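As the structure is a computational prediction, the values presented were derived from the model and not from experiment.
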Amino acid sequence: MRFIRLKEIRKESNITQKEVANVLNVERSTYTGWENGKNTIPLKQLIKICNYYKCSIDYMTGLTNKNKYYCLIELDINVIGKNLKSLRIKNKLKQKDIYSFLKISSSSYSSYETGKILIPTETIYKIAKKYNYQIRDLLKK
């Protein structure tokens with residue numbers, strides 16, 4: 001999955017890939033892979049880079065064209081789980097509806113909803129896109 005704005009925002013900030021990699025505490029080649037779409041940036045790192053740039057996670061992922069940075073994003077897998085469940089109930093869906101759409105196992109999705117495992121970036125993006133939701137709303141307390 002490619003986040004086209006990783007490169008765009010980095011260049012606008014006049015920062016090198018090496019500098020961003022240092023902020024994220026990863027190798028430059030790892031960051032380059034994320035920027036070029038060869039690998040998907042983990043959600044924890046995506047949040048860290050959005051906070052660093054004071055950039056909306058939904059803008060960074062291309063879910064919106066407005067860069068409204070609201071506040072520092074904190075990662076809490078239990079909060080994400082509760083918000084996933086709330087989104088599912090609000091849309092009158094069963095877990096099966098979501099894990100079938102995502103083409104993942106029921107146990108994987110259940111682990112996201114119960115806060116046992118951190119949801120991958122690509123998965124939270126797909127859910128937000130399909131159900132016209134903001135990733136920011138799935139992360140906030």
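For Thr61 against Asp58, the heavy-atom pair with the smallest separation is OG1-O, 3.3 Å. Pairing each heavy atom of Ile77 with each of Gly115, the nearest pair is CD1-O, 2.9 Å. Between Ile57 and Arg136, the shortest heavy-atom distance links the atoms CG2-N, 3.8 Å. The shortest heavy-atom contact between Leu93 and Tyr131 is CD1-CE2, 3.4 Å. Between Tyr31 and Ala21, the closest heavy-atom pair is CB-CB, 4.1 Å.
Distance NZ/Lys141 to CG/Asn78: 9.5 Å, rounded to 0.5 Å. Note that the NZ atom of Lys129 and the CD atom of Glu122 stand 12.5 Å from one another [nearest 0.5 Å]. Annotation: the span from Ile135 atom CD1 to Lys140 atom NZ amounts to 14.0 Å, rounded to 0.5 Å. Atoms CD and OG, from Gln95 and Ser110 in turn, are 4.5 Å apart once rounded to the nearest 0.5 Å.
Of the possible donor and acceptor atoms, one in the side chain of Thr121 sits under 3.5 Å from a partner among the backbone N and O of Ile41. No donor-acceptor pair under 3.5 Å is formed between the side chain of Ser86 and the backbone N or O of Lys82.
By the rule that hydrophobic residues join a cluster once side-chain heavy atoms approach within less than 4.5 Å of another member, Leu118 and Val79 end up as members of separate clusters.
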Name every donor-acceptor pair, under 3.5 Å, that has one atom in a side chain of residues 43-55 and the other anywhere in the protein, sequence neighbours excluded.
unit_1, atom_1, unit_2, atom_2, d
Gln45, NE2, Leu24, O, 3.3
Asn51, OD1, Tyr69, OH, 3.3
Asn51, OD1, Ile73, N, 2.9
Asn51, ND2, Ile47, O, 3.4
Asn51, ND2, Ile73, O, 2.9

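For Glu27, the CD atom sits in a loose shell: 12 or fewer heavy atoms of surrounding residues, nucleotides or ligands are nearer than 6.0 Å.
Side-chain contact between Trp34 and Pro42 is present, with heavy atoms from C-beta onward closer than 4.5 Å. Within the 4.5 Å cutoff, the side chain of Tyr112 has no heavy atoms near those of the Ile80 side chain.
Tested against Ile15 for a side chain to side chain contact (heavy atoms under 4.5 Å, CB included), the candidates Lys18, Glu19, Glu12, Lys11 yield a single pass: Glu19.
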Begin with the C-alpha distance, continue with both residues' side-chain angles, and end with the deciding distance and a verdict on side-chain contact (heavy atoms from CB on, under 4.5 Å) for Leu63 and Gln134. CA-CA 7 Å; Leu63 287 173; Gln134 292 191 345; over 6 Å; no
Before you tell me yes or no, could you show the steps for Ile124 and Leu139 under side-chain contact (heavy atoms from CB on, under 4.5 Å), namely the whole-Å CA-CA distance, both residues' side-chain angles and the distance that decides it to 0.1 Å? CA-CA 10 Å; Ile124 201 168; Leu139 299 176; 4.2 Å; yes
Go through it in stages, so that I can follow the logic: the residues are Tyr133 and Ile127, the test is side-chain contact (heavy atoms from CB on, under 4.5 Å), and I'd like the CA-CA distance, side-chain angles, deciding distance and then a yes or no. CA-CA 8 Å; Tyr133 221 71; Ile127 291 170; over 6 Å; no
Show your working on side-chain contact (heavy atoms from CB on, under 4.5 Å) between Thr123 and Tyr109 and close with a plain yes or no. CA-CA 10 Å; Thr123 305; Tyr109 184 75; 5.7 Å; no
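With sequence neighbours excluded, the residues forming a side-chain contact (heavy atoms from CB on, under 4.5 Å) with Lys130 are Phe101, listed by chain and number.
Judged as a salt bridge (charged side-chain N to carboxylate O under 4.0 Å, His left out), the pairs with a partner in residues 84-103 (not counting sequence neighbours) are, in order, Arg88-Glu113.
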